[in-house]
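Take a look at the structure set out below.
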Amino acid sequence: MTMLEKLTRTYDRTLGWGNGGFGIGYYANEDEKVPKRFEFEEGVFELLLQRENFFNWHYKPNDYPEHLEQLTRRVTAPQELRLAFFASGRGSNVDAILENIESGELDASPKIIFTNRNDAGVINVADKRKLPLLIANKRIYKDHCDDIILGLLRDFDVNCIVLAGYLKKISPKFIDAYPGHILNIHPSLLPKYGGKGMYGSRVHQAVLDAGDAVSGPSVHVVTEGYNEGQLLGQRIVEVTEEDTIKSLSSRILHAEHKLFTNVLIEIQQGRILL
Ligand code: GRF
């Protein structure tokens with residue numbers, strides 16, 4: 001029996017789904033995902049049920065197996081997160097994540113902050129949160145910047161790098177040292193409005209110019225191309241007719257502060273596998 005067949009059986013039995021879809025009552029008040037865990041020899045899997053998936057399922061009962069596949073994900077044991085942060089600006093995302101660690105919402109150990117700018121707001125965040133900080137740029141360290149940062153990442157035993165408004169391109173050395181473990185936040189619903197030169201207000205201007213009804217931040221894995229790595233999470237923000245770059249970017253920033261922590265929680269809990 002394939003894993004999918006096993007899941008299908010469990011699924012039917014557990015939730016009482018049949019040819020007619022499953023009961024609307026079950027989902028009528030359910031906006032949040034409802035995970036169900038199943039342990040098979042192949043690993044532990046979790047069903048991810050969301051309101052929109054219900055409608056898909058409901059209207060296309062014959063697509064059952066494909067839908068099931070979309071609705072499952074492999075989960076692992078909880079992961080320890082030892083974080084380094086890279087930021088070039090304000091650092092409000094770094095601060096929000098640190099706040100959520102301090103409050104106990106996110107189980108992670110922040111280790112060190114790096115910035116490439118000696119006037120970055122994130123320097124104050126490091127101060128406030130009492131974390132080690134290194135200002136690493138060419139003016140100070142010439143061509144040794146990357147090696148110095150990599151050495152510190154090793155010394156601090158970091159296993160996940162969080163890029164939050166880091167405007168310098170990450171060199172392949174980092175990607176080789178931390179494959180799949182470097183995450184970035186981008187203020188648009190990727191793959192829209194990503195890529196070289198798309199950052200800050202340019203992103204929001206493009207959304208407004210296109211007349212999009214929704215925008216919102218994305219968290220993705222960093223690869224060598226700009227904003228091309230696997231998407232780990234997005235949050236929808238509505239765009240209104242009155243929106244300006246300022247109003248839209250401020251709502252999206254607010255959503256970023258929630259999204260980044262939520263993605264890190266999912267990683268820590270073994271629901272997103274890096
Ligand atoms: C955010 O809008 C983020 O999406 C982008 O850079 C900005 C960083 O803001 N990558 P902050 O420094 O975290 O306040």
Side-chain angles (χ1 to χ4, degrees), residues 83-102 105-106 108 110-129 131 133-137 160-171 174-175 181-208 212 214-239 243-264:
L83 305 174
F85 299 90
F86 287 40
S88 305
R90 243 174 343 209
S92 71
N93 275 287
V94 177
D95 196 40
I97 294 169
L98 293 173
E99 169 79 47
N100 293 329
I101 293 174
E102 277 182 21
E105 192 184 337
L106 167 64
K111 296 291 184 183
I112 184 165
I113 301 179
F114 295 96
T115 184
N116 57 328
R117 298 189 52 147
N118 50 12
D119 59 351
V122 75
I123 296 171
N124 299 328
V125 173
D127 240 23
K128 180 171 90 175
R129 304 283 175 190
L131 271 186
L133 167 105
L134 184 76
I135 301 174
N137 58 36
C160 180
I161 299 174
V162 167
L163 307 187
Y166 190 60
L167 293 177
K168 197 169 168 278
K169 190 153 182 354
I170 284 289
S171 87
F174 288 89
I175 296 167
H181 286 67
I182 308 178
L183 318 180
N184 180 47
I185 190 149
H186 183 79
S188 75
L189 294 173
L190 291 171
K192 285 185 121 180
Y193 314 117
K196 194 162 191 241
M198 282 308 260
Y199 57 85
S201 54
R202 294 188 194 179
V203 173
H204 306 299
Q205 185 65 62
V207 170
L208 294 174
D212 289 359
V214 291
S215 186
S218 306
V219 171
H220 65 92
V221 172
V222 174
T223 55
E224 288 199 24
Y226 283 96
N227 305 131
E228 284 173 5
Q230 190 200 343
L231 274 173
L232 302 180
Q234 294 187 312
R235 218 173 155 99
I236 306 284
V237 172
E238 273 181 47
V239 183
D243 262 326
T244 58
I245 292 182
K246 195 166 171 229
S247 62
L248 182 60
S249 64
S250 115
R251 287 207 309 292
I252 289 181
L253 188 66
H254 188 67
E256 289 181 23
H257 295 163
K258 295 199 158 70
L259 177 69
F260 222 149
T261 292
N262 287 349
V263 168
L264 291 167

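Everything quoted here is computed from the prediction, not taken from an experiment. First listed ligand is number 1; within each ligand, the first listed atom is number 1.
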Verdict with supporting geometry, R90 and D95, side chain to side chain contact (heavy atoms under 4.5 Å, CB included): CA-CA 9 Å; R90 243 174 343 209; D95 196 40; over 6 Å; no
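Protein heavy atom in closest approach to atom 1 (C) of ligand 1: E256 OE1, 3.0 Å. In terms of protein heavy-atom proximity, atom 9 (O) of ligand 1 is nearest to R90 NH2, 3.1 Å.
Ligand 1 lies less than 4.0 angstrom from a heavy atom belonging to G91.
Looking at heavy atoms from C-beta onward, D212 lies in side-chain contact with K192 at the 4.5 angstrom threshold.
For I185, a nitrogen or oxygen atom sits less than 3.5 Å from a nitrogen or oxygen atom of ligand 1, counting backbone and side chain alike.
Summarising the contacts of atom 11 (P) of ligand 1 with S249, G165, S92, the nearest heavy atom is found in S92.
The existence of a salt bridge linking R129 and E102 is confirmed by a sub-4.0 Å separation between a basic side-chain nitrogen and an acidic carboxylate oxygen.
Contact annotation: for H186 versus ligand 1, heavy atoms closer than 4.0 Å belong to the backbone alone.
Scanning all heavy atoms of the two residues, the minimum distance from A87 to T115 falls at O-OG1, 2.6 Å. The two atoms that bring Y193 and M198 nearest to each other are O-CB, 3.7 Å, heavy atoms only.
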